[in-house]
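Data first, discussion second: the structure below is written as structure tokens.
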Amino acid sequence: MTTIPVALEGRGYDVVIEPGLIARAGKLLAPIANGRPMPIVTDANLTPQLETLRQTLAAHGVRSEAIVVPPGEGSKSFAMLDHVTDRLLALGIERSDHIIALGGGVVGDLVGFAAAILKRGCRFVQVPTTLLAQVDSSVGGKTAINTRAGKNLVGAFHQPSLVLIDPDMLGTLPSRELRAGYAEVVKYGLIDDPAFFAWCESDGARLLAGDADARVHAIAHAVAAKARIVAADERETTGTRALLNLGHTFGHALEAETGFSDRLIHGEAVAAGMALAFRFSASRGLCSAADADRVGAHLRASGLPHDLASAGIDADGATLAAHMAHDKKAEGGRVPFLLARGIGQTFLARDVALADVADFLDAERVAA
Ligand code: NAD
């Protein structure tokens, strides 16, 4: 069992990682349930995992009702928030109670936000079931739903009380979702850890193929990195936490261009976005072309999009830059960009003109 603490004054919690953990989770959950029931919110693809969790809770004397939402991004909505909060209130949820979020980033973000606002803030536990959620979204307390105006625009910072990660749950995850989550694993190497990027190059294929040791190693490494970053900058005020957005500004434009559809799922857009951020950095003389090539080559070898063509994007630079101009961080035609001086040397640049980004993307389109 690997336990990684997230050190936040008054809001600290543990992330526990262990293969097979879900079947034994009742032992860790019963003490925090404190004699109260623990409602579980999950999505309809996770019925077997829900049953396993309910059994271990029952074995430890914890009652649990299930609230099942439809799978997919559409569940991060006001309508589903309304449904889930109504059901939780009908179950008699109290402020000191814990709701369990069993699922990927969609369930985690929805339940986290519901917990943030129910009874002015009750508790929740993350049991992430996708690689993306295990290495990123379940840790750090960002919660949100989507609105007509865009993704994640209504939400709150609300930290969970505990995160339980069972890497064995990835066994049933569709391989496309697994690869998309792997992009977020690679991201931690690119941000500030060149040795971890080298590990991804040598051992990432084992993780994707299902090797249990490789999965535990990568998840623990990623969670420790995220815990460090969140402890340094919980609310993204100093710029440290913004490093986690590497690849996201380019990626967001690609997602917007594909209508946030399953033509390009989030982790795939992040993969292509990271490759573009490195090539853009190389085009500005910030990092070597060799480093940018290394990033693209590893993403390609991992079966991930690594340029506009492999992301299925044919739009011109101006169209993509226009999506970036709508980014919530844009100010006066400039958007803060995560650029790199090399692998493991990402930094926040505030002097990037969108017109330059558009020219770069036009050149990328011609080269494809
Ligand atoms: P997801 O939650 O939609 O899950 C992907 C699909 O996999 C779903 O169909 C789900 O039913 C299925 N699934 C989940 N676990 C499974 C399993 N073990 N076996 C079989 N199928 C399984 O997607 P995701 O990629 O986990 O999360 C994406 C969301 O996360 C986005 O809404 C994004 O905005 C959010 N996100 C949040 C943060 C944060 O810090 N809060 C960070 C990154 C992403």
Side-chain angles (χ1 to χ4, degrees), residues 4 15 104-105 128 130-140 142 152 165 170 176-205 207-208 214-215 217-230 232-233 236 239-255 264-281 287 291-307 310-311 336-349:
I4 298 168
V15 182
T130 64
L131 184 57
L132 180 139
Q134 295 189 346
V135 299
D136 190 356
S137 63
S138 65
V139 178
K142 275 193 183 178
N152 296 327
I165 299 182
L170 303 179
R176 186 178 178 196
E177 296 288 349
L178 186 72
R179 284 173 206 288
Y182 180 67
E184 305 277 3
V185 172
V186 174
K187 184 181 78 177
Y188 291 102
L190 297 179
I191 290 174
D192 65 355
D193 194 344
F196 185 59
F197 181 72
W199 182 89
C200 290
E201 289 179 308
S202 59
D203 292 70
L207 179 161
L208 291 171
R215 287 183 173 179
H217 176 82
I219 293 166
H221 199 92
V223 167
K226 178 128 189 203
R228 227 173 16 249
I229 290 171
V230 168
D233 182 18
E236 209 167 311
T240 305
R241 189 164 180 167
L243 296 174
L244 293 168
N245 295 333
L246 175 63
H248 283 60
T249 304
F250 281 107
H252 183 84
L254 308 184
E255 281 183 282
L264 193 67
I265 59 178
H266 179 71
E268 293 172 336
V270 168
M274 293 191 299
L276 289 169
F278 267 79
R279 278 204 293 285
F280 183 57
S281 300
C287 89
D291 272 1
D293 288 347
R294 235 179 108 187
V295 173
H298 181 55
L299 295 170
R300 186 175 60 240
S302 306
L304 283 162
H306 46 89
D307 57 16
S310 55
F337 265 87
L338 274 308
L339 300 182
R341 297 193 177 88
I343 288 169
Q345 297 174 60
T346 295
F347 68 99
L348 185 63

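Source: prediction; values computed, not measured.
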Verify, without hydrogens or angle tests, whether His252 (side chain) and Phe250 (backbone) share a donor-acceptor contact under 3.5 angstrom.
no
Where Leu338 and Ala242 come nearest, the two heavy atoms and their spacing
CD2-O, 3.3 Å
Take Arg176 and Arg179 through the side-chain contact (heavy atoms from CB on, under 4.5 Å) test and state the conclusion after the steps.
CA-CA 5 Å; Arg176 186 178 178 196; Arg179 284 173 206 288; 5.9 Å; no
Interatomic distance, Met274 atom CE to Glu184 atom CD [nearest 0.5 angstrom]:
7.0 Å
So do the side chains of Lys142 and Asn152 get within less than 4.5 Å of each other, counting heavy atoms only?
no
Go through the steps for Arg215 and Gln134 under the test side-chain contact (heavy atoms from CB on, under 4.5 Å), then give the verdict.
CA-CA 10 Å; Arg215 287 183 173 179; Gln134 295 189 346; over 6 Å; no
Testing the basics here: between Leu254 and Ala269, what is the closest heavy-atom pair and its distance to 0.1 Å?
CD1-O, 4.4 Å
Please give me the minimum heavy-atom distance between Val135 and Gly181, naming the atom from each residue.
CG2-O, 4.2 Å
With sequence neighbours excluded, tell me which residues meet side-chain contact (heavy atoms from CB on, under 4.5 Å) with Ser302.
Tyr182, Leu208, His298, Leu304
If you compare all heavy atoms of Ala133 against all heavy atoms of Ser138, which two are closest, and at what distance to 0.1 Å?
O-OG, 2.7 Å
Roughly how far, to the nearest 0.5 Å, is the CG atom of Leu299 from the CD atom of Glu268?
11.5 Å
State, to 0.1 Å, how close Pro128 and Ile165 come at their nearest heavy-atom pair, and which atoms those are.
CG-CG1, 3.8 Å
Mutual orientation of the aromatic rings belonging to His217 and Trp199 [parallel < 30°, tilted 30-60°, perpendicular > 60°]:
tilted
Value rounded to 0.5 Å, distance of OG1 in Thr130 from CG in Leu178:
9.5 Å
I'd like to check the salt bridge (charged side-chain N to carboxylate O under 4.0 Å, His left out) partners of Asp233; sequence neighbours left out, ordered by chain and number.
none
Taking all non-hydrogen atoms of both residues into account, name the closest pair between Ala272 and Ala311 and its distance.
CB-CB, 4.1 Å
With a 3.5 Å cut-off and sequence neighbours excluded, list the donor-acceptor pairs that the side chains of residues 219-229 form with protein atoms.
from   : atom 1 : to     : atom 2 : distance (Å)
His221 : NE2    : Asp193 : OD2    : 2.7
Lys226 : NZ     : Asp136 : O      : 2.9
Lys226 : NZ     : Asp136 : OD1    : 2.6
Lys226 : NZ     : Val139 : O      : 3.0

List in chain and number order the residues that pass side-chain hydrogen bond (donor to acceptor under 3.5 Å, both in side chains) with Thr249, two or more places apart in sequence or in another chain; answer none if no residue qualifies.
none
Run His306 and Arg279 through side-chain contact (heavy atoms from CB on, under 4.5 Å) and show every step you take.
CA-CA 10 Å; His306 46 89; Arg279 278 204 293 285; 5.6 Å; no
Can you name the residues that form a side-chain hydrogen bond (donor to acceptor under 3.5 Å, both in side chains) with Glu177, not counting sequence neighbours?
none
How long is the gap from CG on Leu244 to OH on Tyr188, to the nearest 0.5 Å?
5.5 Å
Value rounded to 0.5 Å, distance of CG in Leu170 from CG in Leu132:
11.0 Å
Identify each donor-acceptor pair in which a side-chain atom of residues 339-348 lies under 3.5 Å from a protein atom, sequence neighbours left out, and give them as a table.
from   : atom 1 : to     : atom 2 : distance (Å)
Thr346 : OG1    : Leu190 : O      : 3.1

